[in-house]
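Accompanying notes for the structure given below.
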Amino acid sequence: MFGRDPWGGPLEISHADSATDDDRSRNLDLDRAALSTSSRPLDETQQSWLLAGPGDQGSKKKKYVDLGCLIVSRKIFIWTLGVVFGVAALVGLIILIVKTVPRHHHPRPPPDNYTLALHKALMFFNAQRSGPLPKHNNVSWRGNSGMKDGFSDAAVKRSLVGGYYDAGDAIKFNFPQSFAMTMLSWSVIEYSAKYEAVGELAHVREIIKWGADYILRTFNSSADTIDRIAAQVGAGDTSRGPMPNDHYCWMRPEDMDYPRPVFECHGCSDLAAEMSAALAAASVVFKDNKIYSQKLVHGAATLWKFARMQRARYSAGGSDPAKFYNSTSYWDEFVWGGSWMYLATGNSSYLQLVTNPKMAKHAGAFWGGPDYGVLSWDNKLPGAQVLLSRLRLFLSPGYPYEEILRTFHNQTNIVMCSFLPVFKSFNRTKGGLIQLNHGRPQPLQYVVNAAFLAAVYSDYLEAADTPGWYCGPNFFPTSVLRNFAKTQIDYILGKNPEKMSYVVGFGNRYPKHVHHRGASIPKNGVKYGCKGGWKWRDSKKPNPNTIVGAMVAGPDRHDGFHDVRTNYNYTEPTLAGNAGLVAALVALSGEGNGVDKNTIFSAVPPMFPSPPPPPAPWKP
């Protein structure tokens, strides 16, 4: 037969190819025989494959599984599949059990007393706000007030709306208010992580901004040079007879209709330097908002220039401010304000100024005195010394600053020693309250500041890997400082002979007759005039409104306390006092969260200390 050859030629198909299967089988047997007698020996596997018959091929297919690139035993393959599916089923069962069985989460430990009190202490600032209140102010009995401040004074005629009322009255004292804002900013810079952990960071930043915005209104903050600043809005002097003002009248701030004069000063170094410190510290808090932070720094620089050019105390001459917040010196504000200006700008000229030995001498850094080491709205030196000790601990600027920085550091150690009971620098009540103001009224505002300084300084030492400090030949661990701070704040929160918390709203027993106009007059739609509110002042009933978080003035030197509205020495709260309380509470709250080492130095350039001058030539 012929077929078509795909290559173009005829294709011949051999008849031999049409042999039967039997013939092919016989030929295959012959081939096997030939292979078996071949001169090249085959191994057993090759022979088994070649010599296997049709029955053997079927047996092979049953015993092995061809996976393409691999031939495995059928038995092993089945066992492997079984194991895989078994493990998968077991894992699935475990997951199902984990998903369906109810979980028992360990609840977070309840917040400590310091954290609980911190939430409340911050609310006091909401209650003290002046001006148009934000919708989320969360103090139901407060409303817009002081909306004509500044405009109503013919000599000023500019807006001084906003800020905070100082205490139980409606006066805006800019000196202690600025100090309060500086303290709050300092606490945020050091402990922002703690504020954030308890959900109060946005709140405290808002409080600081409210105060900083008002400070910017008290002078021409857009100018580089100024000649005046507003020192106070409202009047409280009643020595000249019955005149309607913020102390003579007892009215809700929302109902004020009496004159609110503005007191301006043309030479007030202490006030200007404190306001400069407040804006500079706030600029560090708001460094994430570059435009606003720069605005604060510019305002602080303008105030600082004014403070240095016009040397005088803001409260000189028996003015109205002098009767309530009299400043004894402006040199401590120079060291305090200059330190904050350096931290806000990194400009070494500020550091050179505050480390000048003459400046330190004028500020009283080298002498003691009964009030040495007591931080307050009037005495900023202890706070400035702690700040500059921080600078030495973490940055070590070296020459030419080292000598005076070491002096400030040593003085800080001495102040910390004075807080300890073993050293009789200050008396204590039988209940354990340190008498930093030597038995005079309103002690708590000084105690909370000391507690903050002790707590933050102990955190500085721990962050610097320093286990403690020396008081003379005796070494004290940092835990001693923290324990001092805790015992004092615990006293304020209720561990005292009266078993009373001096923070309103905290604990089961706290003052109910707080010396505070807004809290003592009901919000019932009735406007009580200047004298009409006296009945609420003199009432024996508890305040109709609870001013949550207000720390009152405190007990007397015998641990006694009289919950009487008419006695402000026991029951009146203040901005400066509550700012120190907030700072101390956040420093003590939580566990294991120390200070933020670096944020406060964010504007300070790297330091490369200059070498000291060479010694004088040797003369034989």
Side-chain angles (χ1 to χ4, degrees), residues 175 178-179 182-183 186 229 265 267-281 297 300-316 327-369 371-415 453 457 600-601 603-604 607 609-610 612-613:
F175 192 48
S178 298
F179 173 68
T182 310
M183 290 293 289
W186 189 5
I229 56 178
C265 61
C268 35
S269 298
D270 38 16
L271 174 60
E274 180 55 65
M275 293 168 68
S276 176
L279 296 184
V297 169
T302 299
L303 286 166
W304 180 258
K305 182 179 178 181
F306 176 69
R308 295 288 294 161
M309 289 177 61
Q310 304 293 335
R311 304 286 182 88
R313 291 187 301 115
Y314 94 105
S315 57
S327 174
T328 55
S329 169
Y330 52 74
W331 294 102
D332 56 314
E333 277 83 18
F334 279 166
V335 181
W336 172 250
S339 300
W340 280 112
M341 287 300 297
Y342 173 68
L343 294 171
T345 65
N347 188 330
S348 61
S349 64
Y350 296 110
L351 184 59
Q352 292 170 6
L353 178 67
V354 300
T355 55
N356 186 314
K358 291 183 179 179
M359 177 72 74
K361 180 179 178 180
H362 284 305
F366 306 127
W367 59 275
D371 296 324
Y372 187 81
V374 181
L375 176 63
S376 71
W377 52 264
D378 182 36
N379 181 19
K380 320 298 168 45
L381 181 64
Q385 289 177 327
V386 171
L387 270 181
L388 294 171
S389 297
R390 187 195 212 282
L391 181 69
R392 182 172 186 255
L393 282 168
F394 295 130
L395 295 189
S396 300
Y399 181 85
Y401 315 109
E402 170 61 20
E403 181 179 358
I404 196 67
L405 288 180
R406 183 174 63 248
T407 299
F408 283 143
H409 195 173
N410 291 338
Q411 293 296 326
T412 295
N413 287 337
I414 292 172
V415 169
L453 289 186
Y457 188 61
I600 200 170
F601 300 130
V604 177
M607 288 191 169
S610 303

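Contact annotation: the side chain of V335 never approaches that of K380 to less than 4.5 Å [non-hydrogen atoms, C-beta and beyond]. T355 is not listed as a side-chain neighbour of Y350, based on a closest heavy-atom distance of 4.5 Å or more. Using a 4.5 Å heavy-atom threshold, the side chains of H409 and L388 count as separate. In this structure, the side chains of I600 and R390 come closer than 4.5 Å at one or more pairs of heavy atoms. For the pair Y342 and N347, the minimum side-chain heavy-atom distance is 4.5 Å or more.
Closest non-hydrogen pair, G373 versus P382, comes out as C-CG, 3.5 Å. When every heavy atom of A307 is checked against every heavy atom of A273, the shortest pair comes out as CB-N, 3.8 Å. The minimum heavy-atom distance between F306 and A272, with the atom names listed, is CD2-CB, 3.7 Å. The shortest heavy-atom contact between Y401 and S348 is OH-CB, 3.9 Å. Listed here is the closest heavy atom pair of A277 and G337: CB-CA, 3.9 Å.
Of the listed residues (L387, L395, L393), just one forms a side chain to side chain contact (heavy atoms under 4.5 Å, CB included) with L391, and that residue is L395. Between S276 and the choices L303, T302, T182, the side chain to side chain contact (heavy atoms under 4.5 Å, CB included) rule is met once, by L303.
Between S389 atom OG and R406 atom CZ the span is 12.5 Å, to the nearest 0.5 Å. Annotation: the span from I404 atom CD1 to L351 atom CG amounts to 11.0 Å, rounded to 0.5 Å. Taking CE of M341 as the start and CG of L279 as the end, the distance is 9.0 Å to the nearest 0.5 Å. One distance of note links CD of E274 with OH of Y314; it measures 10.5 Å at 0.5 Å rounding. Rounding to the nearest 0.5 angstrom, the gap separating the CG atom in L271 from the OG atom in S315 is 9.5 Å. For the atom pair CH2 (W367) and NZ (K361), the distance works out to 13.0 Å, reported to the nearest 0.5 Å.
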Does W340 form a side chain to side chain contact (heavy atoms under 4.5 Å, CB included) with W304? I'd like the steps, not just the answer.
CA-CA 11 Å; W340 280 112; W304 180 258; over 6 Å; no
Could you walk me through whether D378 and S376 pass the side-chain hydrogen bond (donor to acceptor under 3.5 Å, both in side chains) test, one step at a time?
CA-CA 5 Å; D378 182 36; S376 71; 5.4 Å; no
Going through the distances and angles, do Y372 and N379 end up as a side-chain hydrogen bond (donor to acceptor under 3.5 Å, both in side chains)?
CA-CA 9 Å; Y372 187 81; N379 181 19; over 6 Å; no
Evaluate Q385 against T407 for side chain to side chain contact (heavy atoms under 4.5 Å, CB included), listing each step before the verdict.
CA-CA 9 Å; Q385 289 177 327; T407 299; over 6 Å; no
Pair V297, T345 - check side chain to side chain contact (heavy atoms under 4.5 Å, CB included), show working.
CA-CA 8 Å; V297 169; T345 65; 3.8 Å; yes
Go through it in stages, so that I can follow the logic: the residues are F179 and F175, the test is ring-ring contact (aromatic ring centres under 6.0 Å, His included), and I'd like the CA-CA distance, side-chain angles, deciding distance and then a yes or no.
CA-CA 7 Å; F179 173 68; F175 192 48; 8.4 Å; no
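With hydrogens and angles disregarded, no donor-acceptor distance shorter than 3.5 Å links the side chain of D332 to the backbone of A363. Put simply, the side chain of D270 never gets that close to the backbone of R313: no donor and acceptor are under 3.5 Å apart. Side chain of S269 to backbone of A312: a donor-acceptor contact under 3.5 angstrom is found.
A cation-pi contact, defined as under 6.0 Å to the ring centre and within 45° of the axis, is absent between R392 and F408.
Note on ring orientation: taking the six-membered ring where Trp is involved, the planes of H362 and W331 are parallel (angle under 30°, cut-offs 30° and 60°).
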